> 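Take a look at this one; I'll ask things after.
Since we're looking at a predicted model, the values are computed, not measured. Atoms within a ligand are numbered from 1 in the order they appear, just like the ligands themselves.
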Amino acid sequence: MAHVLVVGGAGYIGSHMVLALDQAGHRVTVLDDLSSGHREAVLAGRLIEGSLGDGQLLDGLLASDPPDAVMHFAAFIEVGESVRDPGKYYRNNFAATQVLLDAMRRHGVDAFIFSSTAAIFGEPRSVPIDEAHPKGPINPYGRSKWMVEQLLEDYDRAYGLRAVALRYFNAAGADPEGRVGERHDPETHLIPLVLQAASGRRESITVFGEDYDTPDGTCIRDYIHVVDLCQAHLLALDALLDGAPSARYNLGNGAGYSVREVIDTARRVTGREIPQRLGSRRPGDPARLVADSRRITAELGWSPRYGDLEDILRHAWVWERHMAGV
Ligand code: UDP
């Protein structure tokens, strides 16, 4: 069993990862500055409060209790904010990540799992999107992630630091047992917003455009259950610990659902009304984003357990009811 440093382990995906690692018998140390994560979301392992951009802190940490691998979930994720304040995104998502990687090099830690994103592809030229699809991020958020992927290639070639980059499509859902869930502030993601409209924490959900070139006119996305994402990380961890080379994988269900389908399914799953408004298009939203995840299935044996949108919504609803107290 391995010792894994989970950077950003108090956030949405990180907190699920900590539970998955613990369940798989691994030892976990979490590093999180709690700028957007929550202390009470860390349900296993040791939490160290601090920043991944703090080289001195990392030196102490990696020298006193060296991990076998590092997983990195500590990024800012709001596309609109990244356009308004790119400095924040390049500083944290890129420069601080480099500080972390340099500290790993100094301490001989050579296995890294990176949370990348479908945003590195920008406006897709073809769908479903496989790993070879041209990269062309259209905002600083996507660019900061793509820059890290390129840095990882160079660090592997020059320093032998092996990395698996997992390009998430739309992470959604929550721990089926309701222990942790999605809790962004402000919340910008469709599924939690729809469920907040169902629970009454929000008046309505605004549909961002219904004039796209899709069957019902609303955007299509590939929603992947956070537990399935974590499973992919566990497989990537095993591969790296077995000496596998660096790799990049697209991670989605391969099924796309439209905004309207998400709202209709949420109505069924929750049994509640979900008031809707029609809004204008959100800048930078491609009509369709769907993953081709065949590579990770072929190479690591990954397959989604909760591929159904209903499962994703049911588990997210358990969490929303907990948050809303309904
Ligand atoms: N969306 C929407 N209303 C909202 C939030 C999102 O219609 O209040 C749409 C958005 O335009 C996109 C889809 O839902 O087509 C998923 O958006 P989200 O922000 O969850 O993820 P993204 O695809 O941007 O990563």
> Would a distance-only check, ignoring hydrogens and angles, find a side-chain to backbone donor-acceptor pair under 3.5 Å from Tyr155 to Asp102?
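The answer is no, because no donor-acceptor pair under 3.5 Å joins these two groups.
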
> Please collect all side chain to side chain donor-acceptor pair (under 3.5 Å) contacts where either partner lies in residues 11-20, sequence neighbours excluded, each pair once.
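Every pair satisfying side chain to side chain donor-acceptor pair (under 3.5 Å) with a residue in residues 11-20: there are none.
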
> Test your reading of the structure: does Phe208 have an N or O sitting under 3.5 Å from an N or O of ligand 1?
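There is such a contact, yes.
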
> In the protein, what heavy atom is nearest to atom 22 (P) of ligand 1, and what distance, to one decimal place, separates them?
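That would be Asn170 ND2, 3.4 Å.
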
> Is the shortest side-chain N to carboxylate O distance from Glu187 to Arg202 below 4.0 Å?
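Salt bridge absent between Glu187 and Arg202.
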
> For atom 24 (O) of ligand 1, what is the closest protein heavy atom, and at what distance to 0.1 Å?
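Here the closest protein heavy atom is Arg282 NH2, 2.7 Å.
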
> Which pairs count as side chain to side chain donor-acceptor pair (under 3.5 Å) when at least one residue sits in residues 115-130, sequence neighbours excluded?
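Qualifying pairs: Ser115-Tyr168, Ser116-Glu149.
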
> Is there at least one pair of N or O atoms, one from Arg221 and one from ligand 1, spaced under 3.5 Å apart?
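Right, the criterion is met.
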
> Any atoms of ligand 1 less than 4.0 Å from a non-hydrogen atom of Thr188? List them with their elements.
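So the answer, numbered in order with elements, is 5 (C), 19 (O).
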
> Among protein heavy atoms, which lies nearest atom 3 (N) of ligand 1, and at what distance?
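Here the nearest protein heavy atom works out to Thr206 O, 2.7 Å.
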
> Relative to the heavy atoms of Cys219, which atoms of ligand 1 are at a distance of less than 4.0 Å?
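That gives atoms 15 (O) of ligand 1.
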
> Which protein non-hydrogen atom lies closest to atom 9 (C) of ligand 1, naming both residue and atom, and how far is it?
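Answer for atom 9 (C) of ligand 1: Val259 CG2, 3.8 Å.
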
> Given Asp285, Ile191, Leu190, which one has a non-hydrogen atom that is nearest to atom 14 (O) of ligand 1?
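Considering heavy atoms of Asp285, Ile191, Leu190, the nearest to atom 14 (O) of ligand 1 sits in Leu190.
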
> Is His26 reaching over with its side chain to a backbone N or O of Ala2, donor-acceptor style, under 3.5 angstrom?
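Present.
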
> Please determine whether any non-hydrogen atom of Tyr168 lies less than 4.0 Å from an atom of ligand 1.
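It does not; every heavy atom stays at 4.0 Å or beyond.
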
> In plain terms, say whether Asp68 and Arg27 are close enough for a salt bridge, that is, a side-chain N and a carboxylate O under 4.0 Å apart.
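Not counted as a salt bridge, because no side-chain N and carboxylate O are separated by less than 4.0 Å.
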
> Less than 4.0 angstrom from a charged side-chain N to a carboxylate O is my criterion; do Glu320 and Arg201 meet it?
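Counted as a salt bridge, because a side-chain N and a carboxylate O are separated by less than 4.0 Å.
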
> Give the atom numbers and elements of ligand 1 that come within less than 4.0 Å of a heavy atom of Val207.
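Reading through ligand 1 atom by atom, the close ones are 7 (O).
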
> Quick check: does Ile205 get an N/O under 3.5 Å from an N/O on ligand 1?
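No, Ile205 has no N/O under 3.5 Å of an N/O on ligand 1.
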
> Thinking salt bridges, do Arg162 and Asp156 make one under a 4.0 Å N-O criterion?
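A salt bridge is absent here (no side-chain N lies under 4.0 Å from a carboxylate O).
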
> For ligand 1, which atoms, with element, lie under 4.0 Å from some heavy atom of Tyr223?
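It comes down to these atoms of ligand 1: 13 (C), 16 (C).
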
> Taking NZ, NE, NH1 and NH2 as the nitrogens, is one of them in Asp211 or Arg281 under 4.0 Å from a carboxylate oxygen of the other?
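Yes, Asp211 and Arg281 are salt-bridged.
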
